Amino acid sequence: MRMFSGSIYVVVRNRDSAIAWYKEKFKLGSGSLVEMEEGEVAMQSSDRELTISIGGPTDNPVDRAMLATGNAKKAREWLVGHGVSADPI
C-alpha cells in the first residue's frame, strides 16, 4: 500500500529526465506511461492509486505543482522523504 494516493501535476523543462526520475522515485513500471495532448504524459501506478502528469512550459505558465490527496501532511512527508522539494501546506 502506498503512503498516499492522489494526483500530481508538474511542469518541467526536460520531460524525458522527469519521466525517468518519477518512474524511479515512485517505482512506476514502464507500461504506466500514457501520452496526452500537447506533449503531456501521465503515469499511473499499477493499483491506480497514484497518477503523475507531466507537462512542459507553455505560454500560460503554472507557477506551482498541484497535488490532490486525502492527507496533505502525509503526502508532503512522503515527497520530502523521496527528494522532492515541497513547501508546508
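By convention here, the first residue in the shown sequence is residue 1. Computed over heavy atoms, backbone and side chain alike; hydrogens, waters and symmetry mates excluded. These numbers come from a predicted model, not from an experiment.
Residues R15 and I54 meet the side-chain proximity criterion, which asks for heavy atoms closer than 4.5 Å. Side-chain contact between V12 and N14 is absent, with no heavy-atom pair separated by less than 4.5 Å.
In this structure, OH on Y22 lies 6.5 Å from CD1 on I8, to the nearest 0.5 angstrom. Taken to the nearest 0.5 Å, the OG atom of S7 stands 9.5 Å off from the CD1 atom of I52.
Closest approach of W21 to H82, counting heavy atoms only: CZ2-O, 3.7 Å. Considering every non-hydrogen atom in both K25 and W78, the closest pair reads O-CH2, 3.8 Å. Between L28 and S45, the shortest heavy-atom distance links the atoms CD2-CA, 3.6 Å.
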